[in-house]
Student: 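Would you mind keeping the following structure in view while I ask a few things?
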Amino acid sequence: MTLEDRFLVRGPIKTIGVVGMGYVGIPAAVTFAASGRFRHVIGLQRVSPRSGHKIGLLNEGRNPLGGDEPELDRLLLEVVRGGTFTATGDFAGISECDAITIAIQTPFADPVRLTPDYSALFEGIGEVGKNLTDGSIVVIESTVTPGTTEGPARRILERESGLRAGIEFGLAHAPERVMPGRLVRNIREHDRVVGGIDPASTTRAIELYTPVLTEASIIAMSAKAAEVTKTAENALRDLQIAAINELALYCEAIGVNVYDVRRGIASLRGEGITRAILTPGAGVGGHCLTKDSYHLELGVRNSERELDFPRGRESLFTLARGINDFMPVHMAGLTESGLARIGKNPRGSHIALLGWAFIGNSGDSRNTPSEPFAKIMEEMGAEITVHDPHVRSFPGREISGNLGVTLTGADAIVLFTAHNEYRCLEPSELKRLSGAVHPVVVDGRNLIDPDLFIASGFVYKGIGRGDRNDHELVGPGSGLC
Ligand code: SAJ
């Protein structure tokens with residue numbers, strides 16, 4: 001009997017297991033359950049000290065995720081009350097499932113040696129294998145190194161189940177494309193890349209995902225092509241950011257305003273000539289762009305085919321990672337040179353760091369570029385106070401929600417995150433709180449007007465602001481009134 005026959009015998013997908021109740025798994029389970037096309041969705045979560053509590057919350061219809069997800073909150077309550085979604089720590093429930101999706105984080109243990117940490121993912125895949133039944137399909141939604149679905153994932157599933165992929169069960173990769181703040185909308189509205197290890201698996205995976213899409217469509221391909229698509233779409237975004245970050249450094253060195261240049265370049269518009277020019281900044285954080293280039297890199301290194309370029313030299317994508325990871329170091333350089341303008345040394349200086357989240361108007365601080373900046377400045381002997389309006393806590397770092405307290409006595413004020421709160425800072429108020437004759441302000445996200453701060457006696461430094469970074473000092477002690 002072929003795999004197609006087995007799917008026919010099993011009938012249409014009615015029961016789904018979703019493994020990993022996190023930012024990806026919960027909205028995935030809820031949108032499946034709310035589609036009206038499936039009888040039951042089981043959310044599977046290992047009962048770990050950090051996440052086991054989610055099971056109880058989910059079964060009460062309460063969303064355990066942080067952040068603002070009103071659509072998810074509403075739908076979760078609806079599907080729990082409707083009885084089409086339940087959460088459990090018992091993986092035996094997988095034996096009832098026609099389809100099982102797996103959405104478990106895949107961080108990088110060491111990007112230098114390109115060693116991903118698949119321990120949690122492979123543990124989850126093993127649990128699925130133990131309970132897998134004939135004629136079901138497994139779909140990996142986690143971001144993985146190209147070759148993982150057909151390679152280690154397949155081997156673990158076959159070993160644990162005693163079944164054969166492509167014969168007794170289907171296997172596919174359908175990468176997630178959700179972003180905090182719009183989890184449900186993204187699942188329903190983003191086109192969905194779906195890739196099976198064989199045509200039957202692809203077709204069955206399309207049957208699984210089609211009901212949750214509203215105006216979006218399925219983009220079918222092989223499992224490995226789907227893995228490359230996901231890692232490359234983030235590697236390319238990281239590359240675009242690195243390009244404008246490098247240009248910002250050029251503009252500082254040449255003495256021009258990168259935002260003038262950006263405006264000029266962006267004016268070249270039209271069929272096939274428009275430039276995808278992003279925004280320079282203090283660095284790239286988050287849990288996507290900071291790792292997906294390394295997954296792609298490892299995928300090509302693991303490939304048995306010869307890569308024609310770069311043979312043994314650094315790749316474009318890891319070079320881009322290096323540029324983006326340099327930006328917090330550059331911010332430390334701008335801060336140090338700003339302090340030097342007024343005869344101060346980082347040692348013994350008080351630096352107010354505004355923004356700990358990795359992205360504006362969010363409380364998400366995963367891989368935040370603020371952290372390496374703070375470490376560099378503290379290694380130079382500076383005292384750091386950190387403010388963030390959305391981040392409440394961070395291991396080993398005190399974060400204040402009170403801007404006045406953070407700024408009091410600051411020799412330098414460094415803007416790291418594009419929170420809206422920082423777009424209306426008043427120079428005279430900041431100077432009063434600082435108490436310095438010439439406080440330093442370093443703008444990592446183009447949030448403030450340099451001329452307002454310079455006129456108030458600040459020493460200004462900004463990413464890409466080669467036109468302002470060597471301005472004359474204004475006010476007492478500067479010889480200029
Ligand atoms: N950043 C810049 N300049 C830019 C854009 C971003 O410096 O022009 C920085 C941000 O400050 C942040 C980091 O890059 O520190 C990442 O920002 P991001 O907007 O890429 O947000 P992420 O990390 O949440 O990326 C996610 C990705 N989504 C998924 O992987 C499902 C990415 O593919 C999306 O393009 C991105 O969201 C998005 O556009 O919101």
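Each ligand, and each atom within it, is numbered from 1 in the order the structure gives.
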Student: Is it the side chain (CB and beyond), the backbone, both or neither of T279 that lies under 4.0 Å from ligand 1, heavy atoms counted?
Tutor: both

Student: Side chain or backbone, does F358 bring an N or O within less than 3.5 Å of an N or O on ligand 1?
Tutor: yes

Student: For V144, is there any backbone N or O sitting under 3.5 Å from a side-chain donor or acceptor partner on T148?
Tutor: no

Student: Do any nitrogen or oxygen atoms of N234 lie less than 3.5 angstrom from nitrogen or oxygen atoms of ligand 1?
Tutor: yes

Student: Consider ligand 1: state whether an atom of it lies below 4.0 angstrom from any non-hydrogen atom of R366.
Tutor: no

Student: Could you list the atoms of ligand 1 found under 4.0 angstrom from a heavy atom of R182?
Tutor: 38 (C), 40 (O)

Student: Quiz question: by atom type and distance under 3.5 Å, do the side chains of T145 and Y118 form a donor-acceptor pair?
Tutor: yes

Student: Measuring from atom CD1 of I42 to atom CG of L44, what distance do you get when rounded to the nearest 0.5 angstrom?
Tutor: 6.0 Å

Student: For atom 9 (C) of ligand 1, which of G281, G283, G286 has the closest heavy atom?
Tutor: G283

Student: Please verify whether a non-hydrogen atom of H287 lies at under 4.0 Å from ligand 1.
Tutor: no

Student: Short N/O distance, under 3.5 Å, between E176 and ligand 1?
Tutor: no

Student: For atom 21 (O) of ligand 1, grab the closest protein heavy atom and report residue, atom and distance to one decimal in Å.
Tutor: I359 CD1, 3.7 Å

Student: Judged by non-hydrogen atoms, does R177 sit under 4.0 Å from ligand 1?
Tutor: yes

Student: So that I know where these two stand, are H387 and Y422 an aromatic pair - ring centroids less than 6.0 Å apart?
Tutor: yes

Student: Evaluate L58 against I26 for side chain to side chain contact (heavy atoms under 4.5 Å, CB included), listing each step before the verdict.
Tutor: CA-CA 9 Å; L58 286 165; I26 293 175; 4.1 Å; yes

Student: Can you tell me the protein heavy atom closest to atom 6 (C) of ligand 1 and the distance?
Tutor: I241 CD1, 3.6 Å

Student: Please work out which of the three classes, parallel, tilted or perpendicular, describes the rings of F453 and F458, given edges at 30° and 60°.
Tutor: perpendicular

Student: Between the side chains of E297 and S315, is a donor N or O closer than 3.5 angstrom to an acceptor N or O?
Tutor: yes

Student: Below 3.5 Å, N or O to N or O, backbone or side chain included: is there any such pair between C288 and ligand 1?
Tutor: no

Student: Please check whether D292 reaches ligand 1 - meaning an N/O of the residue sits under 3.5 Å from an N/O of the ligand, judged on distance alone.
Tutor: no

Student: Are R262 and T279 packed together at the side-chain level, in the sense that at least one heavy-atom pair is separated by less than 4.5 angstrom?
Tutor: yes

Student: Identify, by atom number and element, the atoms of ligand 1 in contact range of G285, meaning under 4.0 Å from any of its heavy atoms.
Tutor: 12 (C), 13 (C), 15 (O), 16 (C)

Student: Would you mind listing which atoms of ligand 1 come within a distance below 4.0 Å of any non-hydrogen atom of L289?
Tutor: 20 (O), 25 (O)

Student: Taking atom 30 (O) of ligand 1 as the point of reference, which of R237, M327, M179, K230 owns the nearest heavy atom?
Tutor: K230

Student: Should the heavy atoms of other residues, nucleotides or ligands under 6.0 Å from CD of E398 be counted, would the total exceed 12?
Tutor: no

Student: Do the ring centers of W356 and F416 come within less than 6.0 Å of each other?
Tutor: no

Student: Output the list of atoms in ligand 1 that are nearer than 4.0 Å to some heavy atom of R445, sorted by atom number.
Tutor: 7 (O), 11 (O)

Student: Can you confirm if the aromatic rings of F85 and F32 lie within a centre distance of less than 6.0 Å?
Tutor: no

Student: Considering only heavy atoms, does V178 approach ligand 1 within less than 4.0 Å through its side chain, its backbone, both, or neither?
Tutor: backbone

